[in-house]
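Since we're looking at a predicted model, the values are computed, not measured.
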Amino acid sequence: MTQVYGPMIGGEGAPIGKTYLSVAVTEAGVDRQLVPGTRIRLTVRKNGVFIAIAGCNELSGVIQVDDGLLRFEPHVQTQMGCGPELEAQDDWLAGLLMQSDCVVEGDTLTLTSGGTTLVLVDRRFANPDFPLEGSTWQVESVVRGDAFEHFVLAGPRSLVVIGKAGLTIDGTHVTGSTGSSSFTATVARDGSTLVFSELTVATTHPRGRAADLERAVLENLRTPLTYTIESNRMQLRGPTRATGLNLVAVRPDGYPAGSL
């Protein structure tokens, strides 16, 4: 008998509600190299629906228990064109998910099919969340409802990639840049809410796109912001969640940490 793998079969050690990242792929005992810059990401939602990404398209479906074995049953795949290498990797992952057996041991999820083995580890351990304090957070994009000055919009909540701006929190002290001007502030934490005060800006009076970025950063810092961190990425959102900033932690060598 086949049944949907849902919360009722959850519990300690179950994959429900977790995200896994690939740490090893082998075929016939030989390492399989993924497309450079990619990593397989597998998320299992609390309703038993999974989303798998191999670098381009999303593959979604449900987890099922079939004769006591945990299996993935893909249903839908997005259809973005990302080039032959990434598309071939998408197809390979889709085929593996459809044909593989799944074993979950602790924080490790292993898929096997024939001579192919894909090992994934809970994201919390494969890529632990960066700390709020002490990390250098660089602004990647600005969220501002359905309007953003001088930027091309792509939807009701546009994310527009912009230049280098960011901040570092050290206790209650904040230092940062609007992309053009340096600033300092004081921050108070109440659970997941950050309230910035005593904001002082050494403005360089930027113009055009740089001025838009500076204004957006400062406007956000002048309102209470709820923060969430996943791995090296942080979201700051205003009270209505229609405004905010998306940031990425920067490595000690000064380079953005990329998509993990």
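Rounding to the nearest 0.5 Å gives a distance of 6.5 Å between CZ of R123 and OG1 of T19. Taken to the nearest 0.5 Å, the CG atom of L42 stands 12.5 Å off from the NZ atom of K18. To the nearest 0.5 angstrom, Q138 atom CD is 11.5 Å from N232 atom CG. To the nearest 0.5 Å, the span separating CD on E230 from CG on N127 amounts to 9.5 Å. For the atom pair CG (L93) and SG (C56), the distance works out to 12.0 Å, reported to the nearest 0.5 Å. One finds the CG atom of L167 at 5.5 Å from the CE atom of M234 (value rounded to the nearest 0.5 Å).
W137 contributes no side-chain N or O that, together with a main-chain N or O of I169, makes up a donor-acceptor pair within less than 3.5 Å. A donor-acceptor pair under 3.5 Å is absent between the side-chain atoms of S231 and the main chain of R233, judged by distance alone. Distance alone, capped at 3.5 Å, is enough to place a donor-acceptor pair between the T223 side chain and the N220 backbone. Checked by atom type and distance alone, the side chain of T38 pairs as donor or acceptor with a backbone atom of V35 at under 3.5 Å.
Residues satisfying the ring pair (Phe, Tyr, Trp, His ring centres under 6.0 Å) test with F50, not counting sequence neighbours, are F72. By the side chain to side chain donor-acceptor pair (under 3.5 Å) test, D122 pairs with R124, sequence neighbours left out.
For R237 and N246, the side-chain atoms include at least one donor-acceptor pair closer than 3.5 Å. With 3.5 Å as the limit, one finds no donor-acceptor pair spanning the side chains of E105 and T110. When only modelled atom types and interatomic distance are considered, S180 and T204 share no side-chain donor-acceptor pair under 3.5 Å.
Taking every heavy atom of both residues into account, A54 and Q89 meet most closely at O-NE2, 2.6 Å. For the pair P131 and I229, the tightest heavy-atom approach, listed with the atom from each and the gap, is C-CD1, 4.4 Å. Taking each heavy atom of G55 and D90 in turn, the nearest pair found is N-OD1, 4.3 Å. Between P206 and E214, the shortest heavy-atom contact is CG-OE1, 3.5 Å. Between L221 and F196, the shortest heavy-atom distance links the atoms O-CB, 3.3 Å. Between E133 and G171, the shortest heavy-atom contact is OE1-N, 3.0 Å.
With a 4.5 Å cut-off on side-chain heavy atoms, T108 and V119 count as touching. Taking the side chain as every heavy atom from C-beta outward, T243 and V143 never approach each other to under 4.5 Å. Put simply, the side chain of T168 does not reach to within 4.5 Å of the side chain of V174, judged on heavy atoms. At a threshold of 4.5 Å between non-hydrogen side-chain atoms, the residues V121 and Y20 do not count as touching. Residues L109 and C102 form a side-chain contact, since some pair of their non-hydrogen atoms from C-beta on lies under 4.5 Å apart.
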Side-chain atoms of residues 111-118: list all donor-acceptor pairs with protein atoms under 3.5 Å, sequence neighbours left out, distances to 0.1 Å.
none

Atom pairs and distances, side-chain donor-acceptor, residues 21-34, under 3.5 Å, sequence neighbours left out:
from : atom 1 : to  : atom 2 : distance (Å)
S22  : OG     : I40 : N      : 3.1
E27  : OE2    : R32 : NH1    : 3.1
E27  : OE2    : W92 : NE1    : 3.1

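Under the disulfide (SG to SG under 2.5 Å) criterion, no residue pair touches residues 188-217, with sequence neighbours excluded.
Note on L218: it clusters hydrophobically with L236, by side-chain heavy-atom contacts below 4.5 Å among ILVMFWY residues. Linking Ile, Leu, Val, Met, Phe, Trp and Tyr residues whenever their side-chain heavy atoms come within less than 4.5 Å leaves L59 and L86 in two separate clusters. L194 and L199 fall within a single hydrophobic cluster, where Ile, Leu, Val, Met, Phe, Trp and Tyr side chains are chained together by heavy-atom contacts under 4.5 Å.
Other members of the cluster containing I53 are I51, with ILVMFWY side chains joined at under 4.5 Å, either directly or via other members.
Applying side chain to side chain contact (heavy atoms under 4.5 Å, CB included) to V201 and the options S181, S177, S182 leaves one that passes, S181.
Taking the charged nitrogens against the carboxylate oxygens, E140 and K164 have no contact shorter than 4.0 Å, which rules out a salt bridge. Between D212 and R209, no side-chain nitrogen of the basic residue sits less than 4.0 Å from a carboxylate oxygen of the acidic one, so the salt-bridge criterion is not met.
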- Kindly indicate, with the supporting measurements, whether the criterion side chain to side chain contact (heavy atoms under 4.5 Å, CB included) is fulfilled by V142 and L245. CA-CA 5 Å; V142 175; L245 302 171; 3.9 Å; yes
